[in-house]
Trainee: 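To start, I am sharing the structure in question, which I have written as structure tokens.
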Amino acid sequence: MRTRLSRTAGCLVGVLLGGALLAGCADVSGPPTGAEPEKRPSAQQTISSGLEAPWAVTFISSTPIVSERDSGRILAVAADGGTTELATLDGLREGGEGGLLGLAAADDALYAYATFGDGNRILRFALLHGEGVELGDPEIVLDGIPAAGNHNGGRLAFGPDGKLYATTGDAGEPGAAQDPESLAGKILRLEPDGSVPDDNPFPGSPVWSLGHRNPQGIAWTPDGTMLASEFGQNTWDELNVIEPGANYGWPEAEGAAEEAEFVDPVQQWAPAEASPSGIAVHDDRVWIANLRGESIREVPLDALSSAEVRDAGAFGRVRDVVVSPAGELWAVTNNTDGRGAPREGDDRIILLP
């Protein structure tokens with residue numbers, strides 16, 4: 001059975017997360033637009049600089065691993081901020097919103113999401129036992145994900161259940177997001193070897209949820225609730241609570257539709273103010289990287305319908321936020337991606353307080 005999240009979404013999530021109703025739930029009339037959130041700056045320091053359109057950061061043990069979208073390089077970041085090239089993917093369909101995108105690490109492998117001429121693929125690099133981090137040759141875990149110059153999705157992450165999750169965009173074909181037979185406009189769930197888990201909502205299919213336009217961020221709360229950020233078209237970007245088998249409305253709905261067959265976002269914003277990409281859960285909050293909004297949104301887990309905006313304009317475009325093994329919150333800028341205005345040292349990985 002699907003649970004519809006619309007007017008009471010913030011209250012329901014409050015119950016899921018803490019077992020208590022949120023203050024003021026009775027007055028919630030729909031996801032807030034986020035038009036006038038509180039803005040506050042924060043101090044920061046640079047972890048690494050001089051990167052070329054970085055897209056994602058993950059960690060192999062304590063070593064940060066970075067993907068560069070257009071160069072196709074996978075880099076290891078040293079303690080002094082220098083980088084070492086671990087691998088370079090050839091034959092990418094780079095530029096626009098395609099290329100080398102998301103990364104996720106397991107005990108024995110590194111996974112990458114990348115755009116090629118025949119579609120998006122999820123690749124697996126075995127970890128070799130040598131000095132430092134070494135990668136084997138890439139193997140295809142999943143292919144046949146529709147690709148285009150934009151709307152490729154691309155985020156990878158391992159969930160608390162040990163499964164590999166991937167976000168896919170509609171690849172410029174909005175109707176594909178509603179087609180359960182297409183891998184476009186979905187969140188996918190796989191075993192680490194690429195097979196389909198037996199308990200997925202659609203038997204034999206990697207599809208976990210559908211009706212997405214271009215989701216680029218996924219994360220989990222401490223109790224296992226899954227969250228995802230999603231780019232809207234002209235009206236609303238979204239923060240969603242993800243349920244297996246649920247339909248999030250695109251292209252029939254953008255933002256809250258208040259229709260029984262769709263799950264509404266718990267929060268939505270105008271694309272010019274947000275354009276959310278990577279997200280992370282840290283310190284009882286959801287942290288959301290904003291590209292066009294050039295900021296980081298901070299959303300309390302016990303009040304998912306509220307937000308504060310941090311560092312507005314301080315870093316330019318922000319592509320990803322990630323929690324380090326030491327429990328630090330890092331942000332990744334994206335001013336060299338062809339849509340930003342590069343600053344001295346861009347692009348950078350930044351440590352936030």
Side-chain angles (χ1 to χ4, degrees), residues 45-90 92 94 98-115 120-141 153-159 162 164-167 190 192 216-219 277-282 287 289 318-334 336-337 346-352:
Q45 68 183 63
T46 297
I47 299 293
S48 185
S49 61
L51 301 170
E52 301 174 17
W55 210 91
V57 174
T58 191
F59 297 87
I60 295 176
S61 186
S62 60
T63 301
I65 310 297
V66 184
S67 62
E68 289 186 333
R69 187 193 66 188
D70 297 339
S71 72
R73 297 192 302 170
I74 299 174
L75 305 174
V77 179
D80 64 359
T83 60
T84 300
E85 184 176 313
L86 301 179
T88 298
L89 293 180
D90 297 321
L92 290 177
E94 79 280 358
L100 175 57
L101 304 177
L103 299 175
D107 291 339
D108 61 348
L110 177 72
Y111 294 78
Y113 186 110
T115 312
N120 289 301
R121 301 175 190 165
I122 300 174
L123 305 173
R124 180 185 183 275
F125 298 80
L127 297 182
L128 304 181
H129 299 288
E131 294 185 7
V133 178
E134 295 183 38
L135 303 179
D137 294 331
E139 301 174 350
I140 297 174
V141 170
R155 193 65 60 187
L156 294 178
F158 278 95
L164 179 63
Y165 291 78
T167 71
L190 301 165
Q216 286 191 7
I218 46 178
S277 190
I279 68 175
V281 172
H282 176 62
W287 305 85
V318 185
R319 171 65 70 181
D320 198 12
V321 284
V322 62
V323 180
S324 77
E328 300 164 338
L329 187 67
W330 293 10
V332 181
T333 71
N334 226 190
T336 61
D337 68 347
D346 277 344
D347 270 317
R348 297 178 291 156
I349 301 172
I350 296 163
L351 169 64
L352 300 172

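FYI, side chains are in, hydrogens and waters are out, and symmetry mates aren't considered; it's all heavy atoms of this structure.
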Trainee: Can you pull out every ring-ring contact (aromatic ring centres under 6.0 Å, His included) where at least one residue sits in residues 61-83? Sequence neighbours excluded, please.
Mentor: none

Trainee: Could you grab the distance from atom OH of Tyr113 to atom CG of Leu156, nearest 0.5 Å is fine?
Mentor: 8.0 Å

Trainee: List the residues meeting side-chain hydrogen bond (donor to acceptor under 3.5 Å, both in side chains) with Tyr165, not counting sequence neighbours, and say none if there are none.
Mentor: Asp161, Arg189

Trainee: So how far is it from Ser48 OG to Leu351 CG, rounded to the nearest 0.5 Å?
Mentor: 13.0 Å

Trainee: Is there a donor in the side chain of Thr336 and an acceptor in the side chain of Asp346, or the other way round, less than 3.5 Å apart?
Mentor: no

Trainee: List for me each residue that meets side-chain hydrogen bond (donor to acceptor under 3.5 Å, both in side chains) alongside Thr167, sequence neighbours excluded, and say none if there are none.
Mentor: none

Trainee: Taking the side chain as everything from C-beta on, heavy atoms only, tell me whether Ile47 gets closer than 4.5 Å to Ile350.
Mentor: no

Trainee: Under the side chain to side chain contact (heavy atoms under 4.5 Å, CB included) criterion, do Arg155 and Ile279 qualify, and how do the steps go?
Mentor: CA-CA 10 Å; Arg155 193 65 60 187; Ile279 68 175; over 6 Å; no

Trainee: For Tyr111, which residues count as a ring-ring contact (aromatic ring centres under 6.0 Å, His included) partner, sequence neighbours excluded?
Mentor: Phe158

Trainee: Partners of Asp337 by salt bridge (Lys or Arg N to Asp or Glu O under 4.0 Å), sequence neighbours excluded?
Mentor: Arg317, Arg319

Trainee: Could you work out, with side-chain hydrogen bond (donor to acceptor under 3.5 Å, both in side chains) as the rule, every residue matching Thr88, not counting sequence neighbours?
Mentor: Glu85

Trainee: Compare every heavy atom of Ala280 with every heavy atom of Ala219, then report the nearest pair and how far apart it is.
Mentor: CB-CA, 4.2 Å

Trainee: Go through the structure and list residues passing salt bridge (Lys or Arg N to Asp or Glu O under 4.0 Å) with Arg69, not counting sequence neighbours.
Mentor: none

Trainee: To check you understand the geometry: which heavy-atom pair defines the closest contact between Val318 and Ala331, and what is its length?
Mentor: CG1-CB, 4.2 Å

Trainee: Who passes side-chain hydrogen bond (donor to acceptor under 3.5 Å, both in side chains) against Thr58, sequence neighbours left out?
Mentor: none

Trainee: Pick one: which of Leu329, Val321, Leu352 meets side chain to side chain contact (heavy atoms under 4.5 Å, CB included) with His282?
Mentor: Leu329

Trainee: Taking the side chain as every heavy atom from C-beta outward, state whether Leu164 and Ile122 have any pair of such atoms under 4.5 Å apart.
Mentor: yes

Trainee: Below 3.5 Å, can you tabulate the donor-acceptor pairs from side chains in residues 59-67 to any protein atom, sequence neighbours excluded?
Mentor:
{"unit_1": "Ser67", "atom_1": "OG", "unit_2": "Ala56", "atom_2": "N", "d": "3.1"}
{"unit_1": "Ser67", "atom_1": "OG", "unit_2": "Leu101", "atom_2": "O", "d": "2.7"}

Trainee: Tell me, do Leu123 and Leu89 make a side-chain contact under 4.5 Å, heavy atoms counted?
Mentor: yes

Trainee: Locate the shortest heavy-atom distance separating Val332 from Pro54; write the atom from each residue and the value.
Mentor: CG1-CG, 3.6 Å

Trainee: Which atom pairs, one a donor and one an acceptor, fall under 3.5 Å between side chains of residues 70-83 and the rest of the protein, sequence neighbours left out?
Mentor:
{"unit_1": "Asp70", "atom_1": "OD1", "unit_2": "Gly95", "atom_2": "N", "d": "3.3"}
{"unit_1": "Ser71", "atom_1": "OG", "unit_2": "Glu68", "atom_2": "OE1", "d": "2.7"}
{"unit_1": "Ser71", "atom_1": "OG", "unit_2": "Arg73", "atom_2": "N", "d": "3.2"}
{"unit_1": "Arg73", "atom_1": "NE", "unit_2": "Glu68", "atom_2": "OE1", "d": "2.8"}
{"unit_1": "Arg73", "atom_1": "NH2", "unit_2": "Glu68", "atom_2": "OE1", "d": "3.0"}
{"unit_1": "Arg73", "atom_1": "NH2", "unit_2": "Glu68", "atom_2": "OE2", "d": "3.2"}
{"unit_1": "Asp80", "atom_1": "OD1", "unit_2": "Gly82", "atom_2": "N", "d": "2.9"}

Trainee: Who are the side chain to side chain contact (heavy atoms under 4.5 Å, CB included) partners of Ala112, not counting sequence neighbours?
Mentor: Leu100, Leu103, Phe125

Trainee: Please enumerate all residues that pass salt bridge (Lys or Arg N to Asp or Glu O under 4.0 Å) together with Asp108, with sequence neighbours excluded.
Mentor: Arg124

Trainee: Could you tell me which non-hydrogen atom of Asp320 sits nearest to which non-hydrogen atom of Gly278, and how far apart they are?
Mentor: OD1-CA, 3.4 Å

Trainee: At what distance, to the nearest 0.5 angstrom, does CG of Leu51 lie from OG1 of Thr333?
Mentor: 7.5 Å

